[in-house]
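Got a structure for you, questions after.
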2 protein chains.
Amino acid sequence: MEVCMGQPMADDLGFLLSRASGQVVRATNAALAEHGLRVRTYSVLVFACEAADGLNQRELAGFLGLDPSQVVLLVDELVAAGLVERQAAETDRRTRLVVPTAQGRRVREAAGEAADAAVEVPLGLLGDAERDRLRDMLTRIWTATG
Amino acid sequence: MEVCMGQPMADDLGFLLSRASGQVVRATNAALAEHGLRVRTYSVLVFACEAADGLNQRELAGFLGLDPSQVVLLVDELVAAGLVERQAAETDRRTRLVVPTAQGRRVREAAGEAADAAVEVPLGLLGDAERDRLRDMLTRIWTATG
DNA sequence: TATTGTTATACTCTATAACTATA
DNA sequence: TATAGTTATAGAGTATAACAATA
């Protein structure tokens, strides 16, 4: 009779990926909570801050790897918190640019520092070179054409 | 006025971790669905198959990094599918050992092969040495004492 | 008194379909 | 007809608290 031949579960990359991701997301969410943010809303805020000319929600969804319908809700939250505004685009009246407010930029700064500090607990055992390698590998996994 | 100074979102390890994890979990779940499993139920089944003497649900929760109350529901599913059984422990009548059935071991084999194949899409760009490095780093992240 | 398994509950994340207004 | 935004809904994952049986 065939007995379990596969690799041990604790060595499975999918399993490790989801566990490690959970650790980091948990730590980050705990730090962001003091600033009224979660990982997902924070991500939207940061992308909005990075884009010089503003981003519409469709572009945001693409960068975030989320469905546009989810982005609507996340932007709603940020608007309610006064951290971003929806601005009418000049060229296309369908699109709405997501632009950070002055307060949004300030909160993004403070929240970013808190998140960076919090993530040092789960990531503390990795050196800078390792983090670069990890970043590179994760980017390739994420962008692998399915 | 202070402008966004933090690292770009697309380079944030937490962000990349959750996106890459999502990719792999999605691909794995799609492959496991044909066998009536998801990543979480599959993980329980594999751990149960690996333990020679059976595992109780508390031990299972520890290995999986889940709350014991979640393990109850996952084991319920596997029992309903005929893939594992809850057996009374000899030494402690509180504990219930989770033991795979013969069918459970067969399904674990087939599902494991399907999952391994499916995960090649998101992980295909990584060589064997890189996967070893990734495994090592993710393990250290997961086990970092919070 | 502490621990195992269990039930219950609520919240977040994810996935999908359908609708509106513009193009 | 196609696309941007929106609404709605359902399922899966996560987090807690409380309880019964047993140690």
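Each chain gets a letter, A, B and so on, in the order the sequences are listed, and its residues count up from 1. Reckoned from all heavy atoms, side chains included, excluding hydrogens, waters and symmetry mates.
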Distance col, row B:Met9:CE vs A:Phe47:CZ, nearest 0.5 angstrom, shows 6.5 Å
N-O pairing of A:Glu113 and A:Arg106 below 4.0 Å:
no
Rounded to the nearest angstrom, tell me the gap between atom CD in A:Glu59 and atom P in D:dT3.
15 Å
Partner residues of A:Arg86 under the side-chain contact (heavy atoms from CB on, under 4.5 Å) criterion, sequence neighbours left out:
A:Gln57, A:Val72, A:Val75, A:Asp76, A:Val79, A:Arg96
Within this structure, what is the CG-CZ distance for the pair B:Leu16 and A:Arg131, rounded to the nearest 0.5 Å?
13.5 Å
The side chain of B:Arg19 lies closest to which of these nucleotides: C:dT14, C:dT6, D:dT7?
C:dT14
Measure the distance from CZ on B:Phe15 to P on C:dC13 and round it to the nearest whole Å.
14 Å
Select base, sugar-phosphate, or nothing to describe what A:Arg96 touches, counting heavy atoms under 4.0 Å on all strands.
sugar-phosphate
Distance from A:Leu13 atom CG to A:Ile141 atom CD1, nearest 0.5 Å?
7.0 Å
Any B:Arg86 side-chain N or O less than 4.0 Å from OP1/OP2 of C:dT6:
yes
Between CG on residue A:Leu138 and CZ on residue A:Arg133, distance to nearest 0.5 Å
12.0 Å
Not counting sequence neighbours, list each pair that qualifies as a salt bridge (Lys or Arg N to Asp or Glu O under 4.0 Å) and has a residue in residues 11-20 of chain A.
none
Taking protein heavy atoms under 4.0 Å as touching, what does nucleotides 16-23 of chain C look like 5' to 3' if B marks base contact, S marks sugar-phosphate-only contact and - marks none?
BB---BBS
Mind jotting down which residue pairs meet the side-chain hydrogen bond (donor to acceptor under 3.5 Å, both in side chains) criterion with at least one end in residues 28-39 of chain A? Sequence neighbours excluded, please.
A:Arg38-A:Glu77
Please give, in whole Å, the distance from C:dC11 P to A:Leu73 CG?
16 Å
Can you measure A:Leu97 atom CG to D:dA4 atom C1' for me and round it to whole angstrom units?
12 Å
Can you pull out the residues from residues 26-44 of chain A that lie within a 4.0 Å heavy-atom distance of DNA chain C?
A:Arg38, A:Arg40
To the nearest angstrom, how far is B:Glu90 atom CD from D:dA23 atom C1'?
17 Å
To the nearest 10°, give me the bend of the helix from C:dT1-D:dA23 to C:dA23-D:dT1, comparing the axes of its five terminal pairs at either end.
0°
Check this for me: does any side-chain nitrogen of one of A:Glu130 and A:Arg135 sit under 4.0 Å from a carboxylate oxygen of the other?
no
Using 0.5 Å steps for rounding, measure from the CG atom of A:Leu134 to the CZ atom of B:Arg140.
10.0 Å
How long is the straight-line distance from OG1 of B:Thr95 back to CD of B:Glu59, given to the nearest 0.5 Å?
8.0 Å
Whole-Å gap separating C1' (D:dT16) and CG (B:Leu66)
15 Å
Rounded to whole Å, CG of A:Leu55 lies from C1' of D:dA4 at a distance of 14 Å
Between D:dG11 (P) and B:Glu77 (CD): distance, integer Å
13 Å
